[in-house]
Undergrad: 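Mind having a look at this structure? Questions to follow.
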Amino acid sequence: MNKDRTEIETESAAKLYQGVCDRFEQTASFIGLDSKVKAIMSQPKAELMIHFPVKMDDGSYTLFKGYRIQHNNLLGPYKGGMRFSPEVSLDEVKGLAMLMTLKCSLAKLPLGGAKGGIKYDPNEHSADENQRITRRFTIALGHNIGPSYDIPAPDMGTNAQSMDWMMDTYHNLYGRKIEDKAVVTGKSIACGGSVGRASATGYGAVYCLAEWAKGKGLSLEGTRFSIQGFGNVGSHAAIKLQELGARLVAVNDHTATLMNPDGIPADELAGYAMEHRGIKGFQPAHEVDEVNEFWALETDFMVLAAMECTVTKENAGLIRTKLIVEGANGPVTPEAENILKENGIAIIPDILANMGGVIVSYFEWVQNRNSEYWNGETVDAKLREKLIAAYQQVERISQEQEISMRNAAYVESLKHLEEVYLKRGVWP
Ligand code: NAD
């Protein structure tokens, strides 16, 4: 029987999942991870795949496929984004769910790891259709999500509006207590979101970058950087870097590659990209046809904030920068990482570089449960404190054990999970 179109796994999803599993296995061997902990961690606890019908604006019905992968809840409720994209597949969300477990453990949050989404392109649907799709998905998820059980958040293709609809649907169906709005994070501030959540991932990536530069005695003033992906993560990272005196000289997204050696105004580009659903056509910058010009441009830093597996063995050799910051999840394949290492290019790995988002999601969850509202200064100070503590711990392990920042991040994360498993025991 032919595979249904919705079941086809993309090559990058398979690569992402394989890459996460390989890195997990390598670290498990390196630290001699307890065999039962290794076995438990190597698979998600639950894999949910659901099909649900939604009425389109023209009266017809379309069947959608949704996923929720709950990787691990040892440290606390499952936590992870919901991705709406035609590329979403089982392998992709399995790999991303495992990264969430590792990220929450590294950040020392009382949260586990999950990921999910719907395999469809929200840009091809009206706002009304997107609302019905999101609400119907929430209904189909039923009690598989909940404020003390599994807490979704925004990711690619979703935003505060998607989370508001999810929260409202859940609240109407099951919510009896005021803190039930903590069923999702990343909501709009009006609906119980936290100040600073939208910018947290991008800013967090920059706080890591700034720590790295400080360690090398480098000032960010006058440095040049490029960014792939100019959505939530990329635009906030670019704006923060620009505030710190760095210059954005190249941007690539799914619509175009733009360059300007004199600098592209990040704040203006962010507004433009939101309005036009991409960067194509923005001035002042010139568009280049060949994406390899983006990879080969000499810069001080490169921020990857688009999607997984965009740096592969085919383009890694072109890159000329000092540091890659992985705002996206899994953007560098293991083969590409070897090439970058040979070329002396450092990487701040995803589970460290983009942990700002889940840290402020955790703050939102805490505020909702206690009916508190923190101001921007409080959120930013708490974000920096947690992030810089994680960064310094990873850097210390990396230097002491002479391993990459990625390996060090995996070591720290898995050791924490192992300690908790061994203390609690595996019942019965
Ligand atoms: P988004 O949907 O807001 O933006 C995605 C960006 O990637 C867009 O600019 C889009 O044009 C670009 N893009 C998509 N496909 C591309 C391609 N083939 N080539 C070049 N560019 C492409 O998503 P986001 O929330 O900014 O997430 C970006 C990445 O960061 C994802 O990997 C996501 O998992 C990760 N992440 C996001 C958060 C968060 O808080 N939003 C937290 C942690 C990690």
Side-chain angles (χ1 to χ4, degrees), residues 10-13 16 20 79-88 92-93 95-97 99-100 102-104 106-107 113-117 121-123 152-163 184-187 193-194 196-205 208 226-239 250-258 266 269-270 272-274 276-280 282 291 294-295 303-312 315 325-332 349-364 383 387:
T10 62
E11 200 187 327
S12 67
L16 169 83
V20 176
K79 185 87 190 82
M82 285 293 194
R83 183 175 279 200
F84 292 179
S85 149
E87 308 292 318
V88 168
E92 182 179 77
V93 278
L96 293 169
L99 283 178
M100 282 307 297
L102 296 170
K103 196 180 302 177
C104 290
L106 180 63
K115 203 82 178 191
D121 187 350
N123 293 319
D155 193 78
M156 275 175 70
T158 51
N159 53 26
Q161 176 64 83
S162 332
M163 295 303 112
V184 292
T185 58
K187 301 177 289 291
S194 176
R197 171 60 185 89
S199 57
T201 311
Y203 283 13
C208 288
S226 59
I227 286 211
Q228 187 191 37
F230 215 75
N232 176 290
V233 179
S235 62
H236 284 106
I239 290 168
V251 197
N252 164 262
D253 81 348
H254 73 290
T255 62
T257 302
L258 302 180
L269 180 58
Y272 180 93
M274 198 172 282
H276 297 86
R277 294 183 169 183
I279 61 171
K280 193 174 177 65
F282 180 77
V291 69
F294 171 82
W295 298 117
V303 180
L304 299 174
M307 55 185 292
E308 59 271 12
C309 302
T310 58
V311 178
T312 61
N315 58 10
V325 183
E326 292 185 336
N329 285 305
V332 177
D350 46 13
I351 61 169
L352 175 61
N354 69 34
M355 66 162 58
V358 74
I359 291 174
V360 178
S361 272
Y362 165 64
F363 296 160
E364 180 176 332
L383 167 65
L387 213 130

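This structure is a prediction, so every number in the text was calculated from the model and none was measured. Order of listing sets the numbers, starting from 1, for every ligand and every atom in it.
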Undergrad: Where is the tightest heavy-atom contact between Val303 and Ala237, given as atom of each residue plus distance?
TA: CG1-CB, 4.4 Å
Undergrad: For atom 20 (C) of ligand 1, find the nearest protein heavy atom and state the residue, atom name and distance (0.1 Å precision).
TA: Asn252 OD1, 3.3 Å
Undergrad: Just by distance, no angles: are the side chains of Thr185 and Lys79 close enough, under 3.5 Å, to form a donor-acceptor pair?
TA: yes
Undergrad: Heavy-atom contacts with Gly327 under 4.0 Å: which atoms of ligand 1 show up? List them by number with element.
TA: 30 (O), 35 (C), 36 (N), 44 (C)
Undergrad: Would Glu92 and Lys115 pass as an ion pair if we require N to O under 4.0 Å?
TA: no
Undergrad: For ligand 1, find out whether one of its N or O atoms is nearer than 3.5 Å to an N or O atom of Asp155.
TA: yes
Undergrad: May I ask you to identify the nearest protein heavy atom to atom 7 (O) of ligand 1, giving residue, atom name and distance to one decimal place in Å?
TA: Ala306 CA, 3.4 Å
Undergrad: Quick check against the 3.5 Å criterion: does Glu326 have a side-chain atom that pairs as donor or acceptor with the backbone of Leu304?
TA: no
Undergrad: Tell me which protein heavy atom sits closest to atom 25 (O) of ligand 1, plus the residue, atom name and distance to 0.1 Å.
TA: Asn232 CB, 3.8 Å
Undergrad: When you compare the side chain of Asn159 with that of Asn232, does any pair of heavy atoms fall below 4.5 Å?
TA: no
Undergrad: Should one rank Ala353, Gly231, Gly157 by closest heavy-atom distance to atom 2 (O) of ligand 1, which comes out on top?
TA: Gly157
Undergrad: Hey, are Asp155 and Thr158 close enough side-chain-wise for a donor-acceptor pair under 3.5 Å?
TA: no
Undergrad: Roughly how far apart are Phe84 CZ and Asp121 CG, rounded to 0.5 Å?
TA: 12.0 Å
Undergrad: Starting from atom 17 (C) of ligand 1, what is the nearest protein heavy atom, named by residue and atom, and what distance separates them?
TA: Met307 SD, 3.9 Å
Undergrad: At what distance is the nearest protein heavy atom to atom 39 (C) of ligand 1, and which residue and atom is it?
TA: Thr201 OG1, 3.4 Å
Undergrad: Tell me which protein heavy atom sits closest to atom 32 (O) of ligand 1, plus the residue, atom name and distance to 0.1 Å.
TA: Asn329 N, 3.2 Å
Undergrad: We want to know whether Glu87 and Ser12 form a side-chain donor-acceptor pair, criterion being a heavy-atom distance below 3.5 angstrom.
TA: no
Undergrad: Which ligand 1 atoms does Asn354 reach within 4.0 Å, using its non-hydrogen atoms?
TA: 43 (C), 44 (C)
Undergrad: Give me the atom names and distance for the closest heavy-atom approach of Gly357 to Thr201.
TA: CA-OG1, 3.1 Å
Undergrad: Please could you name the atoms of ligand 1 that Ala328 approaches to less than 4.0 Å, counting only its heavy atoms?
TA: 29 (C), 30 (O), 32 (O), 35 (C)
Undergrad: Does the Tyr272 side chain pair with the main chain of Lys280, one donor and one acceptor, at a distance under 3.5 Å?
TA: yes
Undergrad: Taking NZ, NE, NH1 and NH2 as the nitrogens, is one of them in Arg83 or Glu308 under 4.0 Å from a carboxylate oxygen of the other?
TA: yes
Undergrad: Considering only the protein, which heavy-atom contact is closest to atom 11 (O) of ligand 1, and what is its distance?
TA: His254 ND1, 2.5 Å
Undergrad: Heavy-atom contact under 4.0 Å between Arg83 and ligand 1?
TA: yes
Undergrad: Is Phe230 in polar range of ligand 1, meaning some N or O pair under 3.5 Å apart?
TA: yes
Undergrad: For Gln228, take its heavy atoms, then give the atoms of ligand 1 lying under 4.0 Å from any of them.
TA: 19 (N), 20 (C)
Undergrad: Tell me the contacting part of Ala153 for ligand 1: side chain, backbone, both, or neither, using a 4.0 Å heavy-atom threshold, strictly below.
TA: neither
Undergrad: What part of Arg197, side chain, backbone, both or neither, has a heavy atom within less than 4.0 angstrom of ligand 1?
TA: side chain
Undergrad: Are Asn329 and Asn354 linked by a side-chain donor-acceptor pair shorter than 3.5 Å?
TA: yes
Undergrad: Just to be sure I read this right, does ligand 1 sit under 4.0 Å from the backbone of Glu308, its side chain, both, or neither, counting only heavy atoms?
TA: neither
Undergrad: To the nearest 0.1 Å, how far is atom 26 (O) of ligand 1 from its closest protein heavy atom, and which atom is that?
TA: Val233 N, 2.9 Å
